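What follows is a short report on a single structure.
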Protein chains: 2
Amino acid sequence: MNLKQLAHMLALSQTTVSRALNGYPEVNEETRRRVMDAAKRHGYRPNPSARRLATGKTGMIGYVLPTGASVDIDPHFVEFLSGLGDYARSHELDLVLSPADADDQETTYRRIVANRQVDAVYISSPRPADRRVALVNSLGIPFIVHGRSEGFDFDYAFTDIDNEGAFREAARLLIQLGHRRLALINGDDRETFAIHRERGVRRALAASGLTLGERHVCSVVMTEENGYRATRRLLEEDDAPTAIACSSLIMALGVVRAVRDLGLSIPGDVSLIAHDDVFPWLRPENFSVPLSTTRSSIRLAGARVAERLAARISGLEEGARGEVWPVDLVVRGSVAGAPA
Amino acid sequence: MNLKQLAHMLALSQTTVSRALNGYPEVNEETRRRVMDAAKRHGYRPNPSARRLATGKTGMIGYVLPTGASVDIDPHFVEFLSGLGDYARSHELDLVLSPADADDQETTYRRIVANRQVDAVYISSPRPADRRVALVNSLGIPFIVHGRSEGFDFDYAFTDIDNEGAFREAARLLIQLGHRRLALINGDDRETFAIHRERGVRRALAASGLTLGERHVCSVVMTEENGYRATRRLLEEDDAPTAIACSSLIMALGVVRAVRDLGLSIPGDVSLIAHDDVFPWLRPENFSVPLSTTRSSIRLAGARVAERLAARISGLEEGARGEVWPVDLVVRGSVAGAPA
DNA sequence: CAAAAAAGCCAAAGCGCTTTGGAAGACTCT
DNA sequence: AGAGTCTTCCAAAGCGCTTTGGCTTTTTTG
């Protein structure tokens, strides 16, 4: 059932039917109802291929997926996707993942824009002066950055959480509890979120005349194993920290294991706060010692990004507004006063 | 730069240029070179929208993503995606995720097929007599099932692992070690993989004249918390099992925590074997007691599914061949002889 | 009431590609 | 040399939609 047939059986022109269906004003309301009705009754759905050839609109949002034999997709992605998908569904948007060589995403971005394969894209895990952001901005396709980049001579639209504030508050709490030597087990410090978190910790320390020791901050891929290793290294030193801030729950698993392996305890010997992106399958309150966290649902962020993309596609949102979400500090049993 | 312009500047017809580019035989090799050359020089890329309108081919593979406020995307998905994406990239395939109401995926499948939005689809986490499989089969679009369904009057193509064999071997090992009361903490038993795993355990027990106690098997969503709860429940009973087989590493985290909370030890009081899908961020050898596992890389499965989909799209693979991969049993410290 | 404006509809021209059905020329064969 | 066969290319017809420009008919206006 295509437009031609539908028009024919309604004894109308394709033009009128098309306009009736797409809500154009120059068609009689009575006629429109007739058309809508017949369309529904016959299950008519405009062929998207034809439509996109004619309009250039695809009804799809794009994401360039860095891949490679040694490239691991961030497990956070799936939660983000849950939120994004949930919103996208209600707006009949599909998501197209374009796999790209992790070291050459530019080609892929250019392709999907040149080919008009998607109406908008989003970018995640940005770094300062991220080339993808500059590129996509210059290509002129609507986009939203999940997270923040920095150091451009233009503004852009992003949705981020207050990583600095979250870790500043976490550190402040630890300091108030008497801790003087804090450590930060961070994610990849080439990414903005990690930079912001480190800054948060430093600012809190500075406010009390303290500093973050050179060797008390580490930047690693966020795996359980790396959390373990970092913790062992930290705690086996002379000036071992008495409190640790950790950038992910997964790493925190390793932290807890390391602390135990060393015969130490949380929070007796070491206080621990981790960032919680809210996974359904791993909850901080279920750690052997309930984990204090800075909490922000990455899933909600996914839904929000989808919402903004949809708004941009339909022209409802314009400009380069960035939004920063506050982060909850949730105190549980894993923090206590510094040991004597 | 479109076909028309390219043809014009080569003083050839669109037909010839199109054929030269697409490798049709009825064009002089000399001409073909000229065309290819000019195309490359001018960076000509055929407009995919136009091409798909004409051919119906999209260069995309589809996946219907169940979503909803209370629907969590399986964390395994991201690993599967890593493999799929890695292969797809090298073949210029994109993946389109079509979010659907988890309770009504049929509509979405029909849509993407009717609209010719993708060249092929894959289905994951199938159940016996899975309606999606029947539907997609009847719709006549190329597809691969990751996992297995059962009970159809037709054959279909799938890539699965030997879940039954894996859990049979795991159970057999435990039995050989003297365990008589095994328990199985399984995933959702409406899914085929869980059924097969349970069958594997039962078969191994039966071979030694043993059975799996009614209350020694549980089927839950695979979260850390559920692993914990199930273990507590199992171990606090009178005829507590001395060995546990567990369907995921994430649940195993909870199992370990529960055992510890009860003042018991692994493998002294309880032996544990879990299935490992090979996550980069959580490795069984790094558990406090290195975890014995049945291991199969879900990432490789993703790559294989992509490969088969590509083969089907290009007509290289036909028929309904199913393939079942063997699973490694990797013995580490978490198993030992049954306590006296 | 005639002229101007608005409403409602349509035919046809794209969008950029593939593919069908020839046609022209070169080549082979008797 | 004439008929038949390849080879190589082309014009034009789709694919199914949107949109431009124009044509009637109805309504409004001075």
Side-chain angles (χ1 to χ4, degrees), chain A residues 1-36 38-39 42-60 92 111-119 313-315, chain B residues 1-36 38-39 42-60 92 111-119 313-315:
Chain A
M1 168 65 53
N2 58 21
L3 185 62
K4 193 168 175 180
Q5 294 166 26
L6 185 64
H8 183 256
M9 81 183 348
L10 279 165
L12 284 172
S13 76
Q14 295 189 37
T15 311
T16 304
V17 176
S18 171
R19 287 185 158 149
L21 259 24
N22 294 325
Y24 281 68
E26 56 267 84
V27 44
N28 193 322
E29 276 311 318
E30 158 66 19
T31 313
R32 187 191 306 277
R33 267 196 308 101
R34 257 181 65 221
V35 171
M36 297 279 238
H42 294 84
Y44 167 77
R45 304 272 292 172
N47 177 320
S49 298
R51 169 176 278 182
R52 48 191 288 188
L53 179 58
T55 64
K57 291 289 179 193
T58 65
M60 299 182 147
E92 301 232 332
R111 187 197 77 197
I112 65 180
V113 171
N115 290 348
R116 301 237 141 72
Q117 297 199 131
V118 295
D119 295 337
I313 289 171
S314 54
Chain B
M1 168 66 52
N2 60 20
L3 186 62
K4 193 169 176 180
Q5 293 166 26
L6 186 64
H8 183 256
M9 81 182 348
L10 280 165
L12 285 172
S13 76
Q14 294 188 38
T15 311
T16 304
V17 176
S18 170
R19 288 186 157 151
L21 259 25
N22 294 324
Y24 280 68
E26 57 266 85
V27 44
N28 193 322
E29 275 312 318
E30 157 66 18
T31 315
R32 188 192 305 279
R33 268 197 305 102
R34 258 181 65 220
V35 172
M36 296 280 237
H42 294 83
Y44 167 77
R45 303 270 293 173
N47 177 321
S49 299
R51 167 175 280 182
R52 49 192 285 188
L53 179 59
T55 64
K57 291 288 178 194
T58 65
M60 299 180 146
E92 301 232 334
R111 187 196 82 204
I112 64 180
V113 170
N115 291 347
R116 303 238 138 72
Q117 297 198 133
V118 295
D119 295 336
I313 290 171
S314 52

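Just the heavy atoms: all of them, side chains too, but no hydrogens, waters or symmetry mates, feed the values below. These numbers were taken from a predicted model, which means no experiment stands behind them. Below, chains carry the letters A, B, ... as their sequence lines are ordered, and counting in each starts from 1.
One finds the OG1 atom of B/T16 at 10.0 Å from the CG atom of B/L10 (value rounded to the nearest 0.5 Å). To the nearest 0.5 Å, the span separating CG on B/L53 from CG on A/L53 amounts to 5.5 Å. Between the CG atom of A/L12 and the CG atom of A/L3 there is a distance of 10.5 Å, given to the nearest 0.5 Å. Note that the CZ atom of B/R32 and the CZ atom of B/R19 stand 11.0 Å from one another [nearest 0.5 Å]. Rounded to the nearest 0.5 angstrom, A/E92 CD and B/R111 CZ are separated by 6.0 Å.
In this structure, the side chain of A/N28 engages the main chain of A/E30 through a donor-acceptor pair within 3.5 Å. Side-chain atoms of B/N22 do not come within 3.5 Å of backbone N or O of B/Y24 as any donor-acceptor pair. Between the side chain of A/N47 and the backbone N or O of A/S49 there is at least one donor-acceptor pair closer than 3.5 Å.
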Test log, rule side chain to side chain contact (heavy atoms under 4.5 Å, CB included), inputs B/H8 and B/Q5 = CA-CA 5 Å; B/H8 183 256; B/Q5 293 166 26; 5.6 Å; no
Would you please test B/Q117 and B/M60 for side chain to side chain contact (heavy atoms under 4.5 Å, CB included) and show each step?
-> CA-CA 8 Å; B/Q117 297 198 133; B/M60 299 180 146; over 6 Å; no
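Among all heavy-atom pairs drawn from A/P46 and B/N115, the shortest one is O-OD1, 4.4 Å. Contact detail for B/D119 and B/T58: the closest heavy-atom pair is OD1-N, 2.8 Å. Residues B/N2 and B/Y44 come closest through the heavy atom pair C-CE1, 3.6 Å.
Within residues 1-10 of chain A, no residue places a heavy atom under 4.0 Å from DNA chain C. A heavy atom closer than 4.0 Å to some atom of DNA chain D occurs in B/L53, B/A54, these being the qualifying members of residues 43-60 of chain B.
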Contact letters for nucleotides 6-11 of chain C, in which S counts primed atoms plus P, OP1 and OP2 and B counts the base, heavy atoms under 4.0 Å | --BBBB
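For DNA chain D, the contact window with chain A, defined by any atom under 4.0 Å from a protein heavy atom, covers D/dG16 to D/dG21 in 5' to 3' order.
With the end axes of the helix from C/dC1-D/dG30 to C/dT30-D/dA1 each set by five pairs, the angle from one to the other reads 40° at 10° resolution.
Applying the salt bridge (Lys or Arg N to Asp or Glu O under 4.0 Å) test to every pair with at least one member in residues 50-59 of chain B, sequence neighbours left out, gives no pairs at all.
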